[in-house]
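Letters go in sequence order (proteins before strands), and every chain restarts at 1.
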There are 2 protein chains.
Amino acid sequence: MTKSAGGAKASQKAPGNQPKTARGEATRKAILSAAERVIGAKGYNDASIGHITSEAGVAQGTFYIYFTTKEQVFSELVLEMGRLVRHTIAEATQGIEDRLEAEKAGLTAFLEFVCAHPDLYRIVQEALFVDPQAYQEYYQTFAAGYRAGLEAAQEAGQISKGDAETRAWALMGIGRTLGEQLVVFKSDKPISEIVASGYDLIANGIKP
Amino acid sequence: MTKSAGGAKASQKAPGNQPKTARGEATRKAILSAAERVIGAKGYNDASIGHITSEAGVAQGTFYIYFTTKEQVFSELVLEMGRLVRHTIAEATQGIEDRLEAEKAGLTAFLEFVCAHPDLYRIVQEALFVDPQAYQEYYQTFAAGYRAGLEAAQEAGQISKGDAETRAWALMGIGRTLGEQLVVFKSDKPISEIVASGYDLIANGIKP
DNA sequence: ATGAAACATGAACCAGTATTCATGTATAAT
DNA sequence: ATTATACATGAATACTGGTTCATGTTTCAT
């Protein structure tokens, strides 16, 4: 490992060396995708550059044509995960007027997404240690959007009044943990059932 | 790093070498406590045995008198965290008849706990990669207890009917993410306010 | 007191691995 | 064809850090 003198890690915009050809583009993608699988499976530290490149079917040195550092691929993956999740949920809730319905659709979309991308899901968790800044960005961006949506829904009288900030985090937490139950703890419960129970909690709480 | 051939990691009962003297007891505790601080601050991989022992004020070799491996201290910390959290919450909800009140008290106790032990909190997250089994045990034990409590409350008619399993996970998720907001994202919001909003969500949901 | 067991030390060992580099090969423009 | 540029290679480098070990020192039972 290199220094990393306690201070700020990577993240931000770290272009690495962008490819300038279709061939390069393909290789870069292959490495990125291999990194997702290998890091997702073994974790950041046990995933060596050698593992990643061999999984990608390229030589070890090729890695450094497109990425400046091991940490950088990782950051890129976290960033990608963030974009993908937000995009997926936005897509799924597109055009749904009622916030409660949107909440249900969003939860469903999220759970389906994490089932389809279990590796990315685990990677985000590890970011807390490998690239704290990316981790923060991931959750804060998500929370900000969530909060805005809740506030709008409050104005429209679609949901009750309440602290949108805290609610946003709490609701994120619900999705996150239910997703984890699926992917990490390998629950066999069908998504529709989980969503039904989760939605009921979100909408009505547990008061009798 | 040593092999760890993909298979099951440490966890379970890994006594290491238990000390047989008051002196040894003290040293072992010192190392464990130093490990908590150092690993919590730097993460598992950046926390070297050298860092830990020097923080504990002992020589590097001393570490291996009480622990067989770096992974083992880590597991021990996760286990300890589990016991502490469960104990703290049980204590705080002791004797509270109404489940909704207990829910509020439990959430408060949990948030106060994570504020007091931010290192342990981060350590659990990293366990997903360093010691998956300890991670699973942590959450599954917690969830099992939570679920039992919810089921009992349902029988007693203190809360509405619903899938206790999923509810348990969802409610854990709320606490977890709100705790993270405090410790990781350093929110300055007072715990009482967070609890108030969180509790309202848990009890009543967001339906208008 | 005294020997055995427990505890402590820190230098050395050693394996793993991120990164670099000198040397090729494919590709596109001229 | 020819050449400049992008891409690819894999062996060599350089360094980190977990673990071991031979050698003390303290503690305790007798």
Side-chain angles (χ1 to χ4, degrees), chain A residues 1-6 9-10 14-32 34-35 38-39 42-77 129-131, chain B residues 1-6 9-10 14-32 34-35 38-39 41-76 129-131:
Chain A
M1 184 187 304
T2 23
K3 264 310 126 37
S4 87
K9 303 264 176 153
N17 289 357
Q18 228 52 24
K20 289 160 184 165
T21 309
R23 178 161 71 127
E25 188 78 36
T27 316
R28 199 190 135 98
K29 270 210 188 87
I31 295 174
L32 202 59
V38 176
I39 297 181
K42 304 171 105 80
Y44 181 77
N45 288 278
D46 287 356
S48 69
I49 304 293
H51 288 142
I52 294 172
T53 50
S54 94
E55 169 83 14
V58 300
Q60 203 152 321
T62 307
F63 179 92
Y64 291 92
I65 297 175
Y66 302 106
F67 304 95
T68 60
T69 196
K70 188 183 169 187
E71 236 180 69
Q72 199 218 327
V73 229
F74 185 85
S75 296
E76 209 137 310
L77 287 173
F129 298 92
V130 178
D131 187 345
Chain B
M1 186 184 305
T2 23
K3 266 309 123 43
S4 87
K9 303 263 180 156
N17 289 356
Q18 227 53 22
K20 289 159 184 166
T21 306
R23 180 159 71 128
E25 187 79 35
T27 317
R28 199 191 135 98
K29 270 210 188 89
I31 295 174
L32 201 61
V38 175
I39 297 181
K42 304 171 107 80
Y44 181 77
N45 289 278
D46 287 356
S48 69
I49 304 292
H51 288 142
I52 293 172
T53 50
S54 94
E55 169 83 14
V58 299
Q60 203 153 325
T62 306
F63 180 92
Y64 290 92
I65 296 176
Y66 301 105
F67 303 96
T68 60
T69 193
K70 188 183 171 187
E71 237 179 70
Q72 199 218 326
V73 228
F74 185 84
S75 297
E76 209 136 312
F129 297 90
V130 179
D131 187 346

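Rounded to an integer number of Å, the gap from A:Lys42 NZ to C:dT17 C1' is 14 Å. Taking atom CD of residue B:Glu71 and atom P of nucleotide D:dT19, one finds them 9 Å apart after rounding to whole Å. Between A:Lys70 atom NZ and D:dT16 atom P the separation is 16 Å, expressed in whole Å. Residue B:Gln60 contributes atom CD, which lies 8 Å from atom P of D:dG18 at whole-angstrom precision. As a whole-Å value, the separation of A:Phe63 CZ from C:dT20 P is 11 Å.
Partners of B:Ser48 under the side-chain hydrogen bond (donor to acceptor under 3.5 Å, both in side chains) rule, at least two apart in sequence or in another chain, are B:His51. Looking at residues two or more places apart in sequence or on another chain, you find no side-chain hydrogen bond (donor to acceptor under 3.5 Å, both in side chains) involving B:Gln60. Residues satisfying the ring-ring contact (aromatic ring centres under 6.0 Å, His included) test with A:Tyr64, not counting sequence neighbours, are none. When the side chain to side chain contact (heavy atoms under 4.5 Å, CB included) test is applied to B:Thr27, the partners found at least two apart in sequence or on another chain are B:Arg23, B:Ile31, B:Val58, B:Thr62, B:Tyr66.
Residue B:Ala26 is classed as having no contact, given no heavy-atom separation below 4.0 Å to the nucleic acid.
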Output one line per pair: protein atom, nucleotide atom from nucleotides 4-7 of chain D, and distance, for all N/O pairs under 3.5 Å.
| residue | atom | partner | partner atom | Å |
| --- | --- | --- | --- | --- |
| D:dA6 | O3' | A:Thr21 | OG1 | 3.3 |
| D:dC7 | OP1 | A:Lys20 | N | 2.9 |
| D:dC7 | OP1 | A:Thr21 | N | 3.1 |
| D:dC7 | OP1 | A:Thr21 | OG1 | 3.2 |

Could you go through B:Asn45 and A:Tyr44, starting from their C-alpha distance and side-chain angles, then the distance that decides it, and tell me whether this counts as side chain to side chain contact (heavy atoms under 4.5 Å, CB included)?
CA-CA 10 Å; B:Asn45 289 278; A:Tyr44 181 77; over 6 Å; no
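Taking side-chain N and O atoms only, B:Ser48 has no distance below 4.0 Å to OP1 or OP2 of D:dT16.
Within the structure, the salt bridge (Lys or Arg N to Asp or Glu O under 4.0 Å) test picks out no pair touching residues 60-69 of chain B (sequence neighbours left out).
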